[in-house]
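Some notes on the structure that comes next.
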Number of protein chains: 2
Amino acid sequence: MNIGQASKASQLPTKTIRYYEEIKLISPMRAENGYRTYCETDIHRLRFLQRARGLGFSIDECRLLLSLYEDEKRASSDVKQLALDKIGEIDRKLSELESLKATLTALARDCHGDDKPACPIIDDLAGRTNH
Amino acid sequence: MNIGQASKASQLPTKTIRYYEEIKLISPMRAENGYRTYCETDIHRLRFLQRARGLGFSIDECRLLLSLYEDEKRASSDVKQLALDKIGEIDRKLSELESLKATLTALARDCHGDDKPACPIIDDLAGRTNH
DNA sequence: CTTGACCTTCCAGTTGCTGGAAGCCTTAAA
DNA sequence: TTTAAGGCTTCCAGCAACTGGAAGGTCAAG
């Protein structure tokens, strides 16, 4: 599988894929002609990276998340704690997304005229995730 | 309210807040001594930006989202469509987060030993959002 | 055997911050 | 009243994570 197909499969631009190789997030094989060739595992990693990056996880966090699946040396309690930490973070993101969605949904539902949106929506702008 | 307090209230570093001013996402007033002063609306915007950026929306997308609440000139059907588009995007992010969480939860639950994680978890690495 | 769609590397530019220097403002203690 | 700490200012440099473009090699179709 060449980089173009990997790009389609992962929804990542080829530039980004090469960049991820440069910073050692993936290490695809090379064909005899010098072309990169991606195996199923590479594609999985790329798809994972595409999702996690799109959800606001940094490259280092992605590296950590990937390591959760692959690091055999780390004590299992560490792995577990890391996973639990990340789950907490994900829960926070989930509730933030929910509140953002609620705000937008209210906006789409209520603001049907040429007049300004109802005040409660604007008041909700900063979200209610912290209380 | 000075930048330090705004920083605490919004969970954004002061550097980032000044940067957001530079790119015209906010325009706080200035006190006589030259200090920036932030009103409630500014804080709302900052908190909103902090959340939206953390969820993977770009600065331009944030600008768009903010404009949804404030642009009186745009035809309401446009606003509605934009809001609906963004809601679709948020739904996608929500399901991606859910699948990521499920994967990590399975990892934390099942992988309690020194052995490698169970294969189904690794197989799930790239998520199931597209099928 | 050439045209067009791929692929390669390299290098420069962009986005979105982030850190540090140099200096002014403010509060609180000596 | 001076002075030290901490917060504020601007400016400029650097980093993270891409992104675009040039120059050129590879390959399948016509």
Side-chain angles (χ1 to χ4, degrees), chain A residues 1-40 42-43 45-67 86 89 93 96 100, chain B residues 1-40 42-43 45-67 86 89 93 96 100:
Chain A
M1 200 177 203
N2 287 350
I3 200 168
Q5 290 160 289
S7 168
K8 262 171 204 150
S10 65
Q11 300 277 79
L12 285 169
T14 58
K15 286 277 183 186
T16 303
I17 296 176
R18 291 198 195 93
Y19 172 70
Y20 286 167
E21 178 175 353
E22 196 184 318
I23 62 173
K24 282 163 191 166
L25 280 172
I26 32 161
S27 306
M29 298 284 97
R30 294 289 179 131
E32 301 204 340
N33 57 12
Y35 286 20
R36 291 165 178 85
T37 51
Y38 297 87
C39 66
E40 272 310 300
D42 292 328
I43 303 299
R45 290 177 76 93
L46 289 174
R47 282 165 62 81
F48 176 82
L49 286 166
Q50 193 275 330
R51 285 197 299 144
R53 290 290 297 126
L55 295 168
F57 289 97
S58 72
I59 291 287
D60 271 358
E61 286 171 323
C62 290
R63 219 185 279 278
L64 184 70
L65 286 167
L66 283 171
S67 82
K86 284 297 162 189
E89 202 172 315
K93 281 177 193 283
E96 286 175 3
L100 189 53
Chain B
M1 201 175 202
N2 288 348
I3 200 168
Q5 292 160 287
S7 168
K8 265 172 202 148
S10 65
Q11 302 275 81
L12 284 169
T14 58
K15 288 277 184 186
T16 304
I17 296 176
R18 291 198 194 91
Y19 172 70
Y20 286 168
E21 180 176 352
E22 195 184 319
I23 63 172
K24 282 162 190 165
L25 279 171
I26 32 162
S27 307
M29 297 284 97
R30 293 290 179 131
E32 300 203 341
N33 58 12
Y35 285 19
R36 290 165 177 86
T37 51
Y38 297 86
C39 67
E40 272 310 299
D42 292 328
I43 302 300
R45 290 176 76 92
L46 290 173
R47 284 167 60 81
F48 176 81
L49 287 165
Q50 193 275 329
R51 285 198 298 144
R53 291 291 295 126
L55 294 168
F57 289 97
S58 73
I59 291 288
D60 270 358
E61 285 171 324
C62 289
R63 218 184 279 277
L64 184 70
L65 285 166
L66 283 171
S67 82
K86 284 297 162 189
E89 201 170 317
K93 282 177 192 284
E96 287 175 2
L100 189 53

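The model shown is predicted, which means the values in this text are computed figures rather than measured ones. Sequence lines set the chain letters: A, B, ... in the order given, protein chains first and strands last, and positions in each chain run from 1. Atom set for the values below is all heavy atoms of this structure, side chains included, hydrogens, waters and symmetry mates excluded.
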Suppose we screen for side-chain contact (heavy atoms from CB on, under 4.5 Å). Which residues come up paired with [X], at least two apart in sequence or across chains?
X       : value
B:Ser27 : none
A:Ala6  : A:Ile17, A:Tyr38, A:Ile43, A:Leu46
B:Glu40 : B:His44

Pairwise distance CG(B:Leu49) to CZ(B:Arg45) - rounded to 0.5 angstrom: 7.0 Å

Contact state string [nucleotides 7-19 of chain C, B base, S sugar-phosphate only, - no protein heavy atom under 4.0 Å]: SBBB-----BBSB

To the nearest Å, give me how far apart [atom1] ([X]) and [atom2] ([N]) are.
X       : N      : atom1 : atom2 : result
B:Glu32 : D:dC8  : CD    : C1'   : 16 Å
A:Ile17 : D:dG20 : CD1   : C1'   : 16 Å
A:Leu49 : D:dA16 : CG    : P     : 17 Å
B:Met1  : D:dC8  : CE    : C1'   : 16 Å

Does anything in residues 24-33 of chain B form a salt bridge (Lys or Arg N to Asp or Glu O under 4.0 Å)? List the pairs, not counting sequence neighbours. B:Glu21-B:Arg30

Non-neighbouring partners of B:Arg53 that pass salt bridge (charged side-chain N to carboxylate O under 4.0 Å, His left out), sequence neighbours left out: none

